[in-house]
Amino acid sequence: MPLPHVPPHAWEVSPEEAVAIQMQWRERVIRVDCLGEVRTIAGVDVGFEDEGRVARAAVVVLDFPGLVMREQVLARRPVTFPYVPGLLSFREAPVILEALARLRLWPDVLLVDGQGIAHPRRLGIASHLGVWCDLPTVGVAKSRLVGQHAPVAEAAGAWQPLYEGDEVIGAALRTRAGVRPVYVSIGHRVSLETAIDLVMRCTRGYRLPEPLRLAHHLASVVEKGGKEGR
DNA sequence: GCGACAG
DNA sequence: ATCTTGTCGC
């Protein structure tokens with residue numbers, strides 16, 4: 001339930017230090033189901049404003065499997081780390097943790113916009129957040145970071161394992177016919193099979209599952225501050 | 001040296 | 001991620 005305190009500079013590290021931290025934290029990731037009955041599921045996404053100088057995190061909590069909106073929170077924070085493929089969590093996790101701290105309903109599972117273990121060092125942002133918060137998480141990325149996969153059948157629900165060598169690190173999942181597949185991977189405490197099942201059960205006619213679609217929308221609409229919203 | 005490269 | 005209008009297709 002509680003959230004680890006985030007020391008002001010806990011995430012203020014150099015890219016080299018960030019890689020070292022990932023090498024140390026990768027082993028803490030739990031790749032099997034270690035969660036109870038799922039009654040609420042959340043989604044988190046990050047948007048930017050002021051020419052990329054400020055990050056905005058949106059977290060949306062929904063009932064499961066009903067998918068009725070239960071709570072939504074926003075957090076804003078100056079960006080302190082550049083975008084470097086493979087080090088996304090050091091750029092986006094700080095503002096996400098701030099948003100999660102404002103949540104009064106702790107979700108049973110969290111869907112994250114990005115990779116879980118389908119990452120060079122098996123610690124994408126979904127896994128990093130999961131371990132940090134000891135929360136079951138699933139990585140749902142709109143594009144591939146690493147790994148290869150066979151062509152995915154056109155039907156909604158079809159998927160192909162994502163491989164890096166002999167290791168299955170995730171799945172290319174067609175959430176809807178006619179759209180590019182999304183990349184689902186274990187975040188923390190959720191098996192790949194369960195991750196795929198949860199994503200499909202949260203999908204309602206769009207490429208992205210509802211928690212992420214709503215979080216993305218919320219992170220894009222700002223009343224005051226950056227743009228006008230859309 | 002030449003690509004690839006979550007958001 | 002973000003800058004941005006109209007436009008092609010189901």
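In what follows, every heavy atom counts, from backbone to side chain, and hydrogens, waters and symmetry copies are set aside. Please read all numbers here as calculations on a predicted model, not as lab measurements. By convention in this document, chain letters (A, B, ...) are assigned in the order of the sequence lines, proteins followed by strands, and residues within each chain are numbered from 1.
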Membership question, hydrophobic clusters at under 4.5 Å side-chain separation (ILVMFWY): are [Y] and [X] in the same one?
X         : Y         : result
Phe48(A)  : Leu97(A)  : yes
Met69(A)  : Leu103(A) : yes
Leu123(A) : Val46(A)  : yes

Please report the shortest heavy-atom distance between [X] and [Y], naming the atom on each side.
X         : Y         : answer
Ala99(A)  : Val59(A)  : CB-CG2, 3.8 Å
Val79(A)  : Ala55(A)  : CG2-N, 3.7 Å
Pro136(A) : Cys34(A)  : CG-O, 4.2 Å
Gln115(A) : Tyr183(A) : OE1-CB, 4.1 Å

Check: When rounded to the nearest 0.5 angstrom, what distance separates CZ in Arg56(A) from OG in Ser220(A)?
Finding: 6.5 Å
Note to self: Output one letter per nucleotide in nucleotides 2-7 of chain B: B when a protein non-hydrogen atom lies under 4.0 Å from the base, S when only the sugar-phosphate is that close, - when neither is.
What the structure shows: --SBBB
Next item on the list: At under 4.0 Å between heavy atoms, which parts of nucleotides 5-10 of chain C does protein reach? Answer with one letter per nucleotide, 5' to 3': B base, S sugar-phosphate only, - none.
Entry: ------
Margin query: Dot-bracket, 5' to 3', for DNA chain C please: Watson-Crick or G-U pairs under 3.5 Å, [ ] where pairs cross earlier ones, | where the partner sits on another strand, dots elsewhere.
Written below: ..........
Checklist line | Rounded distance in Å - CZ (Arg56(A)) to P (dA1(C)) | finding: 12 Å
Next item on the list: State whether the side chain of Arg144(A) and the backbone N or O of Gly147(A) hold a donor-acceptor pair below 3.5 Å, judged by distance alone.
Entry: yes
Check: Within 45° of the axis and under 6.0 Å from the centre of the six-membered ring of Tyr206(A), does NZ or CZ of Arg213(A) qualify?
Finding: yes
